[in-house]
S.K.: 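Before anything else, here's the structure in question.
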Number of protein chains: 2
Amino acid sequence: MTTTLPLTADTTGACCGSVAHGAVDAAGAEQIARVFKALGDPTRVRLLSLIAASDDHEACICDLTEPVGLTQPTVSHHMKLLVDAGLATREQRGRWAYYRVVEGALSAAAQSLVPR
Amino acid sequence: MTTTLPLTADTTGACCGSVAHGAVDAAGAEQIARVFKALGDPTRVRLLSLIAASDDHEACICDLTEPVGLTQPTVSHHMKLLVDAGLATREQRGRWAYYRVVEGALSAAAQSLVPR
DNA sequence: TCGATGTATCGACAGATGTCAATACGACTG
DNA sequence: CAGTCGTATTGACATCTGTCGATACATCGA
């Protein structure tokens, strides 16, 4: 599962990603909603914010459990959702898994919803 | 209930709404998540997109039920959530209730999450 | 190889969420 | 005033979601 989203930071040119002058279709809405749903939980908002505000703009699970006050499995689960939504990346480095925020992924989703 | 969000289109100056250089706190995360949660459902994404793509940038419930293929009570329920989240406005005009998209509300939420 | 450490997965459970049918509310029309 | 029409609310239900404890997996050090 975990269908890769075609909705990433590198918004392929072509002006507007959506149908242009029209509303998004059912499939497109599902893709967009998946990104926003990932941010529909306060914990995940804090996690993403914590990583973005971190020194090297990256953090491992062990750095995140204490600030949010949740157990390690729960934090790991939330980070998986953020990665699946294309809002974060995961990089295994030794024993630790480092997560980074995907710049522009959020604004790309917002753009495809209301093209302006 | 339905606590009014201080997070509207008219982002009060003061540069960055968040703590600046720091991550958002628990309360702030809850506010931000409420906006994104409203967009975490494909139906609501379509509804907002339909309104934005409409001729006069507004629509009543009767205009929306058919495109999304859901019953009137369900559409009304979704629109209420969008209004409560500050993403849409409701204006009673005669028998009809006209909904409009609040410009900038979404990008304001995104900004307060990742200030750049 | 064995133990320790960081992370992911599994199973379970309470609570939230999306949907509908039925019904109530409000405003126009005759 | 009574009927009609558009919308909101209520109650019910199946499903999804967030959380945890227990446990499995993977990597490093001795």
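Residue numbers start from 1 in every chain, and the chains themselves are labelled A, B, ... in the order their sequence lines are given, proteins ahead of strands. Please read all numbers here as calculations on a predicted model, not as lab measurements.
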S.K.: Ignoring the backbone of B:His77, work out which of D:dT19, D:dT7, C:dG18 is nearest its side chain.
M.R.: C:dG18

S.K.: Starting the side chain at C-beta, find the nucleotide from C:dC20, C:dG18, D:dA8 nearest to B:Thr71.
M.R.: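 Ranking C:dC20, C:dG18, D:dA8 by closest atom to the B:Thr71 side chain puts C:dC20 first.
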
S.K.: Return the 5'-most residue of the pair A:Gln72, A:Arg44 with respect to DNA chain D, ranking by each residue's nearest nucleotide.
M.R.: A:Arg44

S.K.: Distance check: side-chain N/O of B:Lys37 vs OP1/OP2 of D:dT17, anything under 4.0 Å?
M.R.: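 It does not, given that no N or O in the side chain of B:Lys37 lies less than 4.0 Å from OP1 or OP2 of D:dT17.
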
S.K.: How long is the straight-line distance from CG of B:Leu39 back to CZ of B:Arg34, given to the nearest 0.5 Å?
M.R.: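 Here the interatomic distance stands at 14.0 Å.
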
S.K.: Check every atom of C:dT19, D:dG6, C:dA8 against the side chain of A:Ala97 and return the nucleotide holding the closest atom.
M.R.: C:dA8

S.K.: Counting side-chain heavy atoms from CB outward, which of C:dT19, D:dA8, D:dT7 is closest to B:Pro73?
M.R.: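 Between C:dT19, D:dA8, D:dT7, the one nearest the side chain of B:Pro73 would be D:dA8.
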
S.K.: Between atom NE2 in A:His78 and atom C1' in C:dT9, what is the gap in whole Å?
M.R.: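 Rounded to the whole Å, the gap is 15 Å.
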
S.K.: Identify the heavy atoms of A:Ala23 and B:Ala53 that sit nearest to each other, and give their distance.
M.R.: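 Nearest pair, atom of A:Ala23 first, then B:Ala53: N-CB, 3.7 Å.
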
S.K.: Membership question, hydrophobic clusters at under 4.5 Å side-chain separation (ILVMFWY): are B:Val83 and B:Leu64 in the same one?
M.R.: yes

S.K.: To the nearest 10 degrees, what angle separates the axes at the start and end of the helix from C:dT1-D:dA30 to C:dG30-D:dC1, five pairs each?
M.R.: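 That helix gives 20° between its end axes.
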
S.K.: From CG of A:Leu39 over to P of D:dG18, roughly how many Å is that when rounded to an integer?
M.R.: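 It works out to 12 Å between those atoms.
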
S.K.: Which nucleotide wins on minimum distance to the side chain of A:Thr74, given the candidates C:dT19, C:dA8, D:dC20?
M.R.: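 Comparing C:dT19, C:dA8, D:dC20 against the side chain of A:Thr74, the answer is D:dC20.
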
S.K.: Between D:dT9 atom P and B:Met79 atom CE, what is the distance in whole Å?
M.R.: 13 Å

S.K.: Test A:Leu82 against every option in A:Asp41, A:Leu48, A:Val45 by the side-chain contact (heavy atoms from CB on, under 4.5 Å) rule and name the one that passes.
M.R.: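 With A:Leu82 as partner, A:Asp41, A:Leu48, A:Val45 yield a single side-chain contact (heavy atoms from CB on, under 4.5 Å), made by A:Leu48.
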
S.K.: Calculate the interatomic distance between B:Gln92 atom CD and C:dC28 atom C1'; express it in whole Å.
M.R.: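 In whole Å, C:dC28 C1' lies 12 Å from B:Gln92 CD.
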
S.K.: For A:Pro42 and B:Ala33, which heavy atoms make the closest approach, and how far apart are they?
M.R.: N-CB, 3.5 Å

S.K.: How close do B:Ser76 and B:Ile61 get, counting heavy atoms only, and between which atoms?
M.R.: CA-CD1, 4.0 Å

S.K.: Using whole Å, what does the distance between atom C1' of nucleotide D:dA8 and atom CG of B:Leu64 come to?
M.R.: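 Distance, rounded to whole Å: 15 Å.
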
S.K.: If you pin A:Arg95 and A:Leu81 to their nearest nucleotides in DNA chain D, which one's is more 5'?
M.R.: A:Leu81

S.K.: Report which part of the nucleic acid A:Tyr99 touches: base, sugar-phosphate, or nothing (heavy-atom distance under 4.0 Å, all strands).
M.R.: sugar-phosphate

S.K.: Within less than 4.0 Å of OP1 or OP2 of D:dT7, is there a side-chain N or O belonging to B:Thr65?
M.R.: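 The answer is no; no side-chain N or O of B:Thr65 sits under 4.0 Å from OP1 or OP2.
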
S.K.: Nearest whole angstrom, please: distance from the C1' of C:dG26 to the CD1 of B:Ile61.
M.R.: 15 Å

S.K.: Which part of the nucleic acid, if any, lies within reach of B:Arg93 when heavy atoms closer than 4.0 Å are counted: base, sugar-phosphate only, or nothing?
M.R.: nothing

S.K.: Starting from P on C:dT7, measure out to CG on A:Leu70 and report it in whole angstrom.
M.R.: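 In whole Å, C:dT7 P and A:Leu70 CG are 15 Å from each other.
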
S.K.: Expressed as a whole number of angstroms, how long is the span from B:Lys80:NZ to D:dG6:P?
M.R.: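 These atoms are roughly 22 Å apart.
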
S.K.: Tell me whether B:Arg44 contacts the main-chain N or O of B:Ala38 through its side chain, where contact means a donor paired with an acceptor under 3.5 Å.
M.R.: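 Answer holds: yes.
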
S.K.: Show the nearest heavy-atom pair for residues B:Gly104 and B:Ser107, with the distance to one decimal.
M.R.: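 Nearest pair, atom of B:Gly104 first, then B:Ser107: O-OG, 3.1 Å.
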
